[in-house]
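Computation of the quantities below employed the complete heavy-atom set of this structure, encompassing side-chain atoms and omitting hydrogens, waters and symmetry-equivalent molecules. This structure is a prediction, so every number in the text was calculated from the model and none was measured.
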Amino acid sequence: MSIINDYPHAELSHQTRERLMRASTASLHTLLHKRGLKNTYIQNVGRMNDDRVKMVGQAYTLRYIPAREDLDVVAAFRDPEHPQRLAVESVPPGRVLVSDCRQDASAASAGSILLTRLQVRECAGFVSDAGVRDSEHAEAMAMPVFCTKPSAPTNLTKHHAVDIQQPVGCGGVPVYPGDVLVGDGDGVIVVPLELADEIAEEASGMEAFEAYVLEKVNAGAAVIGLYPPNEQAQEEYRAYLRQQETRD
């Protein structure tokens with residue numbers, strides 16, 4: 001029997017969501033690292049989608065333990081309370097379904113039918129530290145799909161779903177229900193919800209500065225003294241911003 005915990009958490013604001021949509025996972029990791037949070041990058045999980053989709057959403061968690069042959073038979077899916085099926089049908093729109101499969105990608109954690117159901121239900125994304133079957137279908141989806149690799153075996157061969165909306169570990173990173181997951185071409189970062197607003201705001205400034213730095217480097221500037229900036233570089237950047245404001 002699955003356990004669904006109505007884990008208390010606030011809703012991510014529209015402004016913060018939009019800011020995170022424009023932030024790279026690399027920048028977010030740096031900002032979290034500065035705050036002492038070093039284990040926020042989900043290991044060995046990448047984006048499957050062919051298109052460059054970006055993912056931002058709060059976590060809705062599903063936890064697995066190792067499968068056992070007498071319990072994990074195909075007939076188990078007929079149970080309307082099967083935790084995997086129940087998670088797919090209960091995850092709210094705009095949330096990311098996060099599957100903790102103990103970093104075992106020798107079997108899938110979802111396939112085309114369940115992923116399509118999540119997309120129809122307007123899920124913000126799917127993240128798993130296991131495999132995904134029907135990978136060609138997943139690659140073509142509009143909903144962001146992040147996993148370890150394609151994997152044909154059904155989840156029943158290795159994974160037994162046990163509970164929903166409990167703290168989990170995905171790719172070696174703790175994920176609490178309501179945490180904010182941001183995914184792009186570099187992978188997935190987990191941002192604690194209580195830090196999301198300030199991280200998103202700071203990321204906006206960081207992204208703008210790094211765009212300025214890239215422009216300077218493309219023009220031939222050396223990185224020493226520019227990135228990170230010394231006092232002269234900071235003053236030049238402030239002058240650049242004032243110039244941009246005047247143009248606007």
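- Atom CD of Gln103 sits about 6.5 Å away from atom CG of Asn44, to the nearest 0.5 Å.
- In this structure, the separation between CD on Gln43 and SG on Cys170 is 11.0 Å, given to the nearest 0.5 Å.
- Inter-residue side-chain proximity for Val188 and Val182 is flagged as unmet; no heavy-atom pair is nearer than 4.5 Å.
- Under 3.5 Å, the side chains of Ser13 and Thr16 contain a donor-acceptor pair of N or O atoms.
- Taken together through direct or relayed side-chain contacts under 4.5 Å among Ile, Leu, Val, Met, Phe, Trp and Tyr, Leu156 and Ile65 form parts of separate hydrophobic clusters.
- Side-chain contact check for Thr61 versus Ser99: every heavy-atom pair is 4.5 Å or farther apart.
- Val98 and Leu114 end up in different hydrophobic clusters when Ile, Leu, Val, Met, Phe, Trp and Tyr side chains are linked at under 4.5 Å.
- In this structure the side chain of Leu32 reaches within 4.5 angstrom of the side chain of Pro192, judged on heavy atoms.
- Under the 4.5 Å side-chain heavy-atom criterion for Ile, Leu, Val, Met, Phe, Trp and Tyr, Val91 and Val132 are members of the same hydrophobic cluster.
- Other residues, nucleotides and ligands contribute only 12 or fewer heavy atoms inside 6.0 Å of the CZ atom of Arg52.
- With a 6.0 Å radius and a threshold of 12 heavy atoms from other residues, nucleotides or ligands, Leu214 has its CG atom above the threshold.
- Under the 4.5 Å side-chain heavy-atom criterion for Ile, Leu, Val, Met, Phe, Trp and Tyr, Val180 and Val45 are members of distinct hydrophobic clusters.
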Assess whether side-chain contact (heavy atoms from CB on, under 4.5 Å) is satisfied between Lys54 and Arg22, documenting all intermediate values. CA-CA 9 Å; Lys54 182 71 178 287; Arg22 296 189 294 269; over 6 Å; no
Can you list the steps and then say if Glu202 with Arg35 is a salt bridge (charged side-chain N to carboxylate O under 4.0 Å, His left out)? CA-CA 12 Å; Glu202 191 172 341; Arg35 288 164 170 79; 2.7 Å; yes
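- Put simply, the side chain of Val96 does not reach to within 4.5 Å of the side chain of Gln58, judged on heavy atoms.
- Between His137 and Thr116 the shortest side-chain heavy-atom distance falls below 4.5 Å.
- For the pair Tyr64 and Gln84, the minimum side-chain heavy-atom distance is below 4.5 Å.
- Between atom CD of residue Glu18 and atom CE of residue Met21 there is a gap of 7.0 Å, rounded to the nearest 0.5 Å.
- Tyr227 is linked by a ring-ring contact (aromatic ring centres under 6.0 Å, His included) to nothing, counting only residues two or more places apart in sequence or in another chain.
- One finds the OG atom of Ser109 at 10.5 Å from the CZ atom of Arg133 (value rounded to the nearest 0.5 Å).
- By the 4.5 Å heavy-atom criterion applied to side chains, Pro66 and Arg102 are counted as neighbours.
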Give the intermediate values and the outcome of side-chain contact (heavy atoms from CB on, under 4.5 Å) for residues Ile42 and Val127. CA-CA 9 Å; Ile42 296 181; Val127 177; 4.0 Å; yes
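- Between the Arg47 side chain and the Val53 main chain, a donor and an acceptor come within less than 3.5 Å of each other.
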Begin with the C-alpha distance, continue with both residues' side-chain angles, and end with the deciding distance and a verdict on side-chain contact (heavy atoms from CB on, under 4.5 Å) for Asp184 and Met55. CA-CA 7 Å; Asp184 60 16; Met55 180 184 73; over 6 Å; no
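- Between Thr148 and Asp129, the side chains place no donor N or O within less than 3.5 Å of an acceptor N or O (distance only, hydrogens not considered).
- The local environment of CD1 in Ile224 is sparse, with at most 12 non-hydrogen atoms from other residues, nucleotides or ligands closer than 6.0 Å.
- Partners of Tyr212 under the ring-ring contact (aromatic ring centres under 6.0 Å, His included) rule, at least two apart in sequence or in another chain, are Tyr237, Tyr240.
- Asp186 and Ala26 make their closest contact through OD2-CB, 4.2 Å (heavy atoms, listed as atom of the first residue, atom of the second, distance).
- Here the CD1 atom belonging to Ile189 is positioned 10.5 Å from the CG atom belonging to Leu31, to the nearest 0.5 angstrom.
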Which is it for Val191 and Thr40 under the side-chain contact (heavy atoms from CB on, under 4.5 Å) test, yes or no, and what are the steps along the way? CA-CA 7 Å; Val191 180; Thr40 58; over 6 Å; no
After noting the C-alpha distance and the side-chain angles of Ser27 and Ser24, does the key distance pass the side-chain hydrogen bond (donor to acceptor under 3.5 Å, both in side chains) rule? CA-CA 5 Å; Ser27 293; Ser24 70; 3.1 Å; yes
Please step through ring pair (Phe, Tyr, Trp, His ring centres under 6.0 Å) for the pair His82 and Phe77, ending with a clear verdict. CA-CA 6 Å; His82 187 280; Phe77 287 145; 5.0 Å; yes
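- Minimum interatomic distance between Lys158 and Ser106 (heavy atoms only, all atoms of both residues): NZ-OG, 2.6 Å.
- A distance of 11.5 Å separates CG of Leu86 from CG of Asp163, quoted to the nearest 0.5 Å.
- Residue Glu122 places its CD atom among 12 or fewer non-hydrogen atoms of other residues, nucleotides or ligands, all under 6.0 Å distant.
- The pair Arg95-Glu11 meets the salt-bridge criterion, with a side-chain N (NZ, NE, NH1 or NH2) lying under 4.0 Å from an Asp/Glu carboxylate O.
- Taking each heavy atom of Val190 and Pro174 in turn, the nearest pair found is CG1-O, 4.0 Å.
- Hydrophobic cluster membership is shared by Leu28 and Met206, with clusters built from Ile, Leu, Val, Met, Phe, Trp and Tyr side chains linked at under 4.5 angstrom.
- Scanning for side chain to side chain contact (heavy atoms under 4.5 Å, CB included) contacts around Ser204 gives Arg19, with sequence neighbours left out.
- Using a 4.5 Å heavy-atom cutoff, the side chains of Phe146 and Met48 are not in contact.
- By the 4.0 Å N-to-carboxylate-O rule, Arg242 lies close enough to Glu235 to be salt-bridged with it.
- Look at Glu210 and Lys216 and you find no salt bridge, because none of the NZ, NE, NH1 or NH2 atoms lies under 4.0 Å from a carboxylate O.
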